[in-house]
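This report concerns only the one structure given below.
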Amino acid sequence: ATVKGSQFLPPMFEFSGACAGCGETPFVKLCSQLFGDRMVVANATGCSSIYGGNLPTTPWTTRKDGLGPAWSNSLFEDNAEFGFGFRLSIDKTTQYAQELLEKNIECGCAACKGSEPLKRAILGADQSSQALIEEQRGRIAELKEILAKCTHETATQLKADADYLVKKSVWIHGGDGWAYDIGYGGLDHVLASGANINALVLDTEVYSNTGGQASKATPIAAVAQFAAGGKEQPKKDLSMISMTYGNIYVARVSLANPAQCVKAFLEADAYDGPSLIIAYSHCIAHGINMTTAVDGCKEAVNSGYWPLFRFDPRLSAEGKNPLQLDSKEPTIGFEEFAGKQNRFKVLKKNNPENADALMAASAKDSASRYDLYKKLAALSADCGSDS
């Protein structure tokens with residue numbers, strides 16, 4: 001549960017072939033380190049599907065005992081529904097395996113003699129931590145040995161489905177083009193379902209994979225294809241929209257604060273409901289020096305442009321405000337962050353008449369959004385629970 005501890009875990013995502021210094025891959029790698037042994041990934045079309053499944057090679061791997069993530073890529077527009085199908089099918093198979101095991105408990109064959117405590121322990125197992133999950137795996141391995149010799153009518157099918165009695169972590173991965181734009185309707189539907197599913201949005205604020213077109217995640221004044229004169233409309237606030245449901249875990253993270261990032265991933269996985277993590281992902285399309293890109297991430301946070309926070313619905317039940325702001329007051333201006341990136345700097349060349357006005361509008365938008373999050377986080381516990 002710490003940065004140092006998480007990095008001792010073996011990555012099950014490696015040698016991806018993404019752009020040098022890619023801001024997306026660190027989050028995918030971290031996800032694989034924390035949950036890779038039980039993770040099922042639905043990946044939207046985009047950069048993450050290209051470097052994630054550049055067949056016949058793959059950056060996804062297993063740990064030494066052979067356990068690792070299951071990964072598949074779906075279409076741009078239906079990835080959330082694709083991942084939702086994973087969750088539904090896993091839950092149904094788990095339920096079926098539990099029913100078979102309950103029937104098998106009363107088995108009177110010689111192979112099952114004395115196995116009732118083991119079977120009941122499997123059914124009532126606490127799997128809230130990695131250590132407890134590993135204990136459950138040990139019990140399942142023991143059960144499979146028994147089932148191999150069991151003569152009960154449930155034995156064959158139960159042996160086939162027994163691994164579903166171990167907790168699975170379902171993740172939907174994709175970029176902002178998918179989450180904010182083309183796949184938003186499906187993502188909203190899946191998050192609103194209440195299902196225990198986790199969405200990781202790798203927000204580069206532009207359609208990176210197809211050459212850098214403007215998306216709904218692109219901020220005011222940023223230059224991109226189809227916004228050559230600087231985007232005039234504000235960035236869609238996906239996190240705020242999702243928080244209005246009240247029962248979705250929402251976090252905004254960045255490489256500027258790795259400890260907060262690790263905490264958010266663990267909380268999202270532990271939350272028994274829908275989770276959304278939006279990760280600021282620096283990109284070569286931003287027109288920056290990728291070798292010092294993490295400094296840009298810190299500037300995004302320090303300027304208030306990318307406030308770090310976690311919205312945990314479980315805190316409402318404790319009488320606490322579910323919104324926790326994890327970044328401090330801005331210490332630099334928006335211009336100091338944006339002025340080092342070509343996506344903003346080129347505006348004076350492309351649209352000199354309107355450049356100053358758009359940059360001022362972007363700075364004002366950034367400040368007002370930070371102020372709103374700050375006020376919401378400062379609300380009393382009673383107000384927080386009402387939200």
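What you see is a predicted model, and the numbers here were worked out from it, not measured in a lab. Values below: all heavy atoms of this structure, side chains included; hydrogens, waters and symmetry mates excluded.
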Next item on the list: Enter the distance from I90:CD1 to R38:CZ here, rounded to the nearest 0.5 Å.
Entry: 12.0 Å
Next item on the list: Would you mind checking if D312 and K263 are paired as a salt bridge, meaning a charged N to carboxylate O distance below 4.0 Å?
Entry: no
Check: Which residues satisfy the salt bridge (Lys or Arg N to Asp or Glu O under 4.0 Å) test with K375, sequence neighbours excluded?
Finding: D371
Margin query: Could you tell me if the side chain of E205 sits less than 4.5 Å from the side chain of R343, heavy atoms only?
Written below: yes
Check: What about V170 and Y271, same hydrophobic cluster or not, with Ile/Leu/Val/Met/Phe/Trp/Tyr joined at side-chain heavy-atom distances under 4.5 Å?
Finding: no
Check: Hey, does the side chain of K231 reach the backbone of I220 with a donor-acceptor pair shorter than 3.5 angstrom?
Finding: no
Check: Given the rule that I, L, V, M, F, W and Y join up when any side-chain heavy atoms are under 4.5 Å apart, are Y280 and L30 in one cluster?
Finding: no
Item checked: Min side-chain heavy-atom separation E232-N354 under 4.5 Å -> yes
Check: Looking only at side chains, do N302 and E336 share a donor and an acceptor under 3.5 Å apart?
Finding: no
Notebook entry, point to check: Run the ring pair (Phe, Tyr, Trp, His ring centres under 6.0 Å) check on F334 and F344 step by step: do they pass?
Noted result: CA-CA 11 Å; F334 172 78; F344 292 104; 5.8 Å; yes
Next item on the list: Kindly indicate, with the supporting measurements, whether the criterion side-chain contact (heavy atoms from CB on, under 4.5 Å) is fulfilled by L202 and V28.
Entry: CA-CA 9 Å; L202 304 160; V28 179; 4.0 Å; yes
Item checked: Sub-4.5 Å side-chain heavy-atom contact between P274 and Y245 -> no
Next item on the list: Would you name the heavy atoms of P313 and Y249 that are closest together and state the gap between them?
Entry: CD-CA, 3.8 Å
Check: Taking atom types as modelled and ignoring hydrogens, do the side chains of N104 and T154 form a donor-acceptor contact shorter than 3.5 angstrom?
Finding: yes
Margin query: Are L266 and L200 connected into the same hydrophobic cluster when the rule is that any two of I, L, V, M, F, W, Y join if their side-chain heavy atoms are below 4.5 Å apart?
Written below: yes
Check: Taking all atoms of both residues into account, what is the closest heavy-atom pair of V262 and S6, and its distance?
Finding: CG2-OG, 3.9 Å
Notebook entry, point to check: Among R139, K144, R137, whose salt bridge (Lys or Arg N to Asp or Glu O under 4.0 Å) with D163 holds?
Noted result: K144
Next item on the list: Kindly compute the distance separating CG (D237) from OG (S242), expressed to the nearest 0.5 Å.
Entry: 9.0 Å
Checklist line | Side-chain (N73) to main-chain (N43) donor-acceptor, under 3.5 angstrom | finding: yes
Note to self: Quick check for you: to the nearest 0.5 Å, what is the distance between S239 atom OG and I277 atom CD1?
What the structure shows: 12.5 Å
Note to self: Please give me the minimum heavy-atom distance between A80 and V190, naming the atom from each residue.
What the structure shows: O-CG2, 3.4 Å
Item checked: D65: salt bridge (Lys or Arg N to Asp or Glu O under 4.0 Å) partners, not counting sequence neighbours -> R63
Notebook entry, point to check: Under a 4.0 Å N-O cut-off, is there an ion pair linking E116 with K119?
Noted result: no
Next item on the list: Among F82, F86, F27, F265, find the residue that satisfies the ring pair (Phe, Tyr, Trp, His ring centres under 6.0 Å) test when tested with W171.
Entry: F265
Next item on the list: Linking directly or through intermediates, with side-chain heavy atoms under 4.5 Å: list the remaining ILVMFWY members grouped with I140, chain and number order.
Entry: Y96, L100, L101, I105, L118, I122, L123, I133, L143, I146, L147, L158, L165, V166
Margin query: Strictly distance-based, threshold 3.5 Å: is any side-chain N or O of S366 a donor or acceptor partner for the main-chain N or O of A363?
Written below: no
Note to self: Quick one, L372 and M240 - any side-chain contact, counting heavy atoms below 4.5 Å?
What the structure shows: yes
Notebook entry, point to check: For the residue pair C112 and S115, what are the closest heavy atoms and their distance?
Noted result: O-OG, 2.6 Å
Notebook entry, point to check: So, is the end of the K374 side chain (NZ or CZ) under 6.0 Å from the ring centre of Y370 and within 45° of the ring's axis?
Noted result: no
Item checked: Spacing of CD1 belonging to I248 relative to CG belonging to L191, to within rounding of 0.5 Å -> 4.5 Å
Next item on the list: Look only at the side chain of N321 and the backbone of L379, and say whether a donor-acceptor pair between them is shorter than 3.5 Å.
Entry: yes
Notebook entry, point to check: Could you walk me through whether L376 and F309 pass the side-chain contact (heavy atoms from CB on, under 4.5 Å) check?
Noted result: CA-CA 11 Å; L376 289 174; F309 60 82; over 6 Å; no
Check: Is the backbone of H173 close enough, under 3.5 Å, to the side chain of N79 for a donor and an acceptor to pair up by distance?
Finding: yes
Next item on the list: Just jot down the salt bridge (Lys or Arg N to Asp or Glu O under 4.0 Å) partners of K328, sequence neighbours excluded, or say none.
Entry: none
Margin query: Using the rule given for side-chain contact (heavy atoms from CB on, under 4.5 Å), can you reason through I182 versus Y207, listing the C-alpha separation, both sets of side-chain angles and the distance that settles it, and then say yes or no?
Written below: CA-CA 11 Å; I182 294 176; Y207 279 84; 3.7 Å; yes
Notebook entry, point to check: T57 versus F15: any side-chain heavy-atom pair under 4.5 Å?
Noted result: no
Checklist line | Donor-acceptor side-chain pairing of Q98 and E102 below 3.5 angstrom | finding: no
Next item on the list: Taking all non-hydrogen atoms of both residues into account, name the closest pair between R87 and N196 and its distance.
Entry: CD-O, 2.8 Å
Checklist line | Considering all heavy atoms, the nearest F84-S193 contact | finding: CE1-OG, 3.6 Å
Margin query: Check whether Q225 reaches the backbone of G211 with its side chain - one donor and one acceptor, N or O, closer than 3.5 Å.
Written below: yes
Margin query: Please say yes or no: joined through hydrophobic side-chain contacts below 4.5 Å, possibly via intermediate residues, are I288 and V301 part of one cluster?
Written below: no
Next item on the list: Would you check if Q260 and S327 make a side-chain contact, meaning some heavy-atom pair closer than 4.5 Å?
Entry: no
Note to self: Please report the interatomic distance CD1(I332) to CD(E299), rounded to the nearest 0.5 Å.
What the structure shows: 5.0 Å
Checklist line | Check: D269 and K167 side chains under 4.5 Å, non-hydrogen atoms | finding: yes
Check: Do the side chain of W306 and the main chain of K298 share a donor and acceptor less than 3.5 angstrom apart?
Finding: no
Check: So K236 and D203, salt bridge (Lys or Arg N to Asp or Glu O under 4.0 Å) or not? Walk me through it.
Finding: CA-CA 12 Å; K236 180 178 180 177; D203 191 353; over 6 Å; no
Notebook entry, point to check: Do side-chain atoms of W178 reach the backbone of T45 as a donor and acceptor pair under 3.5 angstrom?
Noted result: no
Checklist line | Under 4.5 Å side-chain linkage, directly or through intermediates, the cluster mates of L67 | finding: none
Item checked: Ionic contact status for K168 with D91, cut-off 4.0 Å -> no
Note to self: Do S362 and D365 have side chains that approach each other closer than 4.5 Å (heavy atoms only, starting at C-beta)?
What the structure shows: no
Next item on the list: Run the numbers on I278 and Y180 for side-chain contact (heavy atoms from CB on, under 4.5 Å), then give the verdict.
Entry: CA-CA 11 Å; I278 306 176; Y180 285 72; 3.8 Å; yes
Notebook entry, point to check: More than 12 foreign heavy atoms under 6.0 Å from NZ of K345: is that the case here?
Noted result: yes
Checklist line | From CD1 (I284) to CG (N289), nearest 0.5 Å | finding: 10.0 Å
Notebook entry, point to check: Is the backbone N or O of M12 less than 3.5 Å from a side-chain atom of S32, with the two atoms forming a donor-acceptor pair by type?
Noted result: yes
Note to self: Tell me if a side-chain donor or acceptor on S303 pairs with a main-chain N or O of F337 at a distance below 3.5 Å.
What the structure shows: no
Notebook entry, point to check: Same cluster for F226 and Y184 if Ile/Leu/Val/Met/Phe/Trp/Tyr side chains link at under 4.5 Å?
Noted result: no
Next item on the list: Tell me, please, which residues at least two apart from D176 pass salt bridge (Lys or Arg N to Asp or Glu O under 4.0 Å).
Entry: none
